[in-house]
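Below: the structure, in structure tokens.
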Amino acid sequence: MGTPTAQEVRTALVDERPGPPRRSRGNAIGGWVLTIVLNVVAPILTYSALRGQGWSEFTALLASGGWPMLDSVVHVAWRRRLDEFAIVTLVFLVITAAVSLVGPHSARALLFKDSATTGLFGLLCLATLLARRPLMFYFGRKFATDGTAASTAWWNGLWRLPGFRTTIRTMTAVWGVAYCVEAIVRIALTTVLSTGTMVALSPVLIYGVLGGLALWTAVYGKRARRRGEARAAAATDRN
């Protein structure tokens with residue numbers, strides 16, 4: 001056998017991540033617009049409209065929480081398949097609805113339950129570190145692909161790479177811890193602040209934490225890729 005080339009050495013030592021297939025811009029944009037409308041815009045408008053019509057804080061909050069569930073149903077119907085992400089999301093929303101209806105029916109109690117639910121999500125992230133693939137693998141697949149068979153197969157194939165697996169597990173651990181801390185903070189604030197203040201502050205905390213985690217995830221993912229490429233270059237030079 002001949003001496004391996006530099007490219008062959010690089011392939012043997014580090015992750016060789018294939019580039020993603022061409023994405024459908026229409027599918028990607030449509031998915032993002034639908035997600036933002038049903039998870040952010042519609043709940044806020046619904047709550048404000050129902051409160052203006054005299055609904056109680058509790059019933060207005062409960063009704064506005066139905067939009068995220070509709071988002072999951074629409075995506076399942078759109079893509080015509082029930083993947084792991086959709087299953088986790090639907091189960092989580094059903095649990096949220098069930099918890100909301102149990103116990104005292106007041107706006108403050110509902111805020112406590114919402115906080116406990118995000119904490120449950122954090123614990124779920126940490127628990128899936130023991131599973132074959134952690135939760136962030138499925139979240140990543142939802143937002144890094146356009147849902148087509150080609151892009152889904154590309155994402156699934158990345159799991160064979162050690163560096164990719166480490167990155168996904170680290171992301172899952174960070175998201176889990178962050179949401180556990182977020183839940184504790186929101187429960188503490190709900191205890192000391194008025195209901196009206198928390199109704200306004202709670203979405204800020206929820207989406208502030210989500211935005212911060214999304215930004216960290218993007219930066220961390222790029223840095224992990226660059227570190228892999230640097231190791232590849234160093235290994236190539238030594239050989």
Side-chain angles (χ1 to χ4, degrees), residues 13-21 23 28 31-32 35 39 68-69 71-73 75-76 79 81-96 98-99 114-186 205-229 231:
L13 293 176
V14 298
D15 291 347
E16 277 295 308
R17 300 190 184 186
R23 299 180 65 180
W32 275 105
T35 296
N39 287 275
M69 183 174 292
D71 175 49
S72 296
V73 173
H75 275 91
V76 169
R79 296 180 177 179
R81 60 184 174 83
L82 189 64
D83 60 12
E84 295 88 349
F85 178 87
I87 293 172
V88 170
T89 302
L90 288 172
V91 170
F92 193 73
L93 289 172
V94 169
I95 292 174
T96 301
V99 169
D114 283 346
S115 302
T117 302
T118 58
L120 178 62
F121 174 76
L123 292 175
L124 179 63
C125 286
L126 297 177
T128 60
L129 290 172
L130 302 176
R132 181 169 174 266
R133 294 178 180 178
L135 190 58
M136 283 301 111
F137 173 83
Y138 303 106
F139 274 68
R141 188 173 66 188
K142 175 179 173 62
F143 294 107
T145 72
D146 59 7
T148 60
S151 62
T152 299
W154 162 74
W155 181 264
N156 291 343
L158 294 178
W159 188 250
R160 65 181 174 81
L161 305 174
F164 180 79
R165 295 196 296 269
T166 299
T167 298
I168 292 296
R169 288 188 175 115
T170 301
M171 289 178 178
T172 303
V174 170
W175 278 66
V177 171
Y179 269 106
C180 286
V181 172
E182 184 266 356
I184 294 172
V185 170
R186 272 210 294 150
L205 291 174
I206 292 173
Y207 292 109
V209 171
L210 177 61
L213 284 171
L215 178 61
W216 172 84
T217 299
V219 172
Y220 174 74
K222 290 180 180 179
R223 288 180 176 175
R225 179 65 180 269
R226 286 199 296 267
R227 285 195 297 268
E229 291 173 348
R231 288 194 299 268

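What you see is a predicted model; the values in this text were computed from it and never measured. We count residues from 1, following the sequence as given.
One distance of note links CZ of R169 with OG1 of T172; it measures 9.0 Å at 0.5 Å rounding. Distance check: L210 CG to L215 CG gives 11.5 Å after rounding to the nearest 0.5 Å. Atom CD1 of I168 sits about 10.5 Å away from atom CG of L135, to the nearest 0.5 Å. Residue M136 holds its CE atom at 12.5 Å from OG1 of T170, rounded to the nearest 0.5 Å.
For the pair A173 and L126, the tightest heavy-atom approach, listed with the atom from each and the gap, is O-CD2, 3.8 Å. Between S115 and A183, the shortest heavy-atom distance links the atoms O-CB, 3.1 Å. Shown here for G119 and C180, the closest heavy-atom pair between the two residues is O-SG, 4.0 Å. Smallest separation of non-hydrogen atoms from Y220 and T166: OH-O, 4.5 Å.
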Step-by-step side-chain contact (heavy atoms from CB on, under 4.5 Å) determination, Y179 to L124: CA-CA 10 Å; Y179 269 106; L124 179 63; over 6 Å; no
Derivation of the side-chain contact (heavy atoms from CB on, under 4.5 Å) call for R141 and L158: CA-CA 10 Å; R141 188 173 66 188; L158 294 178; over 6 Å; no
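Using cut-offs of 30° and 60° for the angle between ring planes, the F164 and W159 rings count as perpendicular.
In this structure a side-chain-to-backbone donor-acceptor pair under 3.5 Å is missing from W216 to W175.
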